[in-house]
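Structure first, commentary second.
No experiment lies behind these values; they were computed from the predicted model shown.
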Amino acid sequence: EVQLAESGGGLVQPGGSLTLSCAASGFAFSSYVMSWVRQGPGKALEWIASTDNDALGRAFIADSVKGRFTISRDNAKNTLYLYMDRLKTGDTAMYYCTKDLYTGPFKGWVRAYNYLGQGTQVTVSS
């Protein structure tokens with residue numbers, strides 16, 4: 001059974017940083033593109049970042065967070081990370097770790113082709 005367990009969310013002040021983790025189990029972690037998406041209050045689901053399933057683990061970052069967020073993966077630990085820096089109030093959202101349903105290189109994030117975890121809440125507020 002595929003399981004994605006996000007952790008690391010919480011309350012942080014604007015300008016602060018936070019690292020989210022996603023512990024994966026039930027599948028061959030290194031074979032799949034893994035991603036982070038978020039959903040802010042009253043907003044649609046927004047793709048944030050993906051890391052490819054190749055040996056390089058290439059990263060793809062949305063323009064809205066480029067330069068502030070970093071995605072990485074540790075295939076030995078079956079864990080996905082999202083480092084978030086210089087957080088803004090607009091970053092407040094539920095953050096979800098996602099697994100592509102199919103193996104293969106990253107070609108863009110599509111909700112219908114991804115399995116989502118339960119999420120972890122990030123609140124940026126003073």
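At a threshold of 4.5 Å between non-hydrogen side-chain atoms, the residues Asp91 and Val122 do not count as touching. Looking at heavy atoms from C-beta onward, Gln118 lies out of side-chain contact with Leu4 at the 4.5 angstrom threshold. The side-chain heavy atoms of Leu45 and Tyr96, taken from C-beta on, include a pair separated by under 4.5 Å. Using a 4.5 Å cut-off on side-chain heavy atoms (C-beta onward), Lys99 and Val2 make contact. At least one side-chain heavy atom of Cys97 sits under 4.5 Å from a side-chain heavy atom of Trp36. Inter-residue side-chain proximity for Ser7 and Thr120 is flagged as unmet; no heavy-atom pair is nearer than 4.5 Å. Using a 4.5 Å heavy-atom threshold, the side chains of Thr51 and Val33 count as separate. Counting only heavy atoms from C-beta outward, the side chains of Phe69 and Leu82 approach each other to under 4.5 Å.
Under the 4.5 Å side-chain heavy-atom criterion for grouping Ile, Leu, Val, Met, Phe, Trp and Tyr, Met34 is connected to Tyr113 within one hydrophobic cluster. Hydrophobic clustering (side-chain heavy atoms under 4.5 Å, transitive across Ile, Leu, Val, Met, Phe, Trp, Tyr) keeps Tyr81 apart from Met94. No single ILVMFWY cluster, assembled from side-chain heavy atoms under 4.5 Å apart, contains both Leu80 and Leu116. Cluster membership check: Val110 does not share its hydrophobic cluster with Val37, using side-chain heavy-atom separations under 4.5 Å among Ile, Leu, Val, Met, Phe, Trp and Tyr.
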How far apart are the C-alpha atoms of Arg38 and Trp47, what are their side-chain angles, what is the distance that settles it, and do they pass the side-chain contact (heavy atoms from CB on, under 4.5 Å) test? CA-CA 7 Å; Arg38 69 184 181 185; Trp47 172 75; over 6 Å; no
Criterion side-chain contact (heavy atoms from CB on, under 4.5 Å) on Ile61 and Ile71, from CA distance to verdict: CA-CA 8 Å; Ile61 307 290; Ile71 187 173; 3.8 Å; yes
Yes or no on side-chain contact (heavy atoms from CB on, under 4.5 Å) for Tyr83 and Ser17, after CA distance, side-chain angles and deciding distance? CA-CA 7 Å; Tyr83 173 70; Ser17 61; 3.9 Å; yes
Audit row: Leu18, Leu87, side-chain contact (heavy atoms from CB on, under 4.5 Å) steps and yes/no: CA-CA 8 Å; Leu18 209 57; Leu87 284 161; 4.0 Å; yes
Pair Ser64, Glu46 - check side chain to side chain donor-acceptor pair (under 3.5 Å), show working. CA-CA 10 Å; Ser64 60; Glu46 177 189 10; 3.0 Å; yes
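Taking the centre of each ring, Phe27 and Tyr32 come in below the 6.0 Å mark.
Judged by distance alone, the side chain of Asp52 and the main-chain N or O of Arg58 form no donor-acceptor pair under 3.5 Å. Side chain of Thr79 to backbone of Lys77: a donor-acceptor contact under 3.5 angstrom is found.
Side-chain polar atoms of Thr98 and Asn114 form a donor-acceptor pair below 3.5 angstrom. Between the side chains of Ser125 and Gln13, not a single donor N or O lies within less than 3.5 Å of an accepting N or O.
Here the CH2-OG distance, from Trp109 to Ser35, works out to 7.5 Å after rounding to the nearest 0.5 Å. A distance of 8.5 Å separates OG of Ser31 from CG of Asn75, quoted to the nearest 0.5 Å.
Counting non-hydrogen atoms of other residues, nucleotides and ligands closer than 6.0 Å to CD of Gln121 gives a total above 12.
Both cation-pi conditions hold for Arg73 and Phe29: the charged atom is under 6.0 angstrom from the six-membered ring centre and inside a 45 degree cone around its axis.
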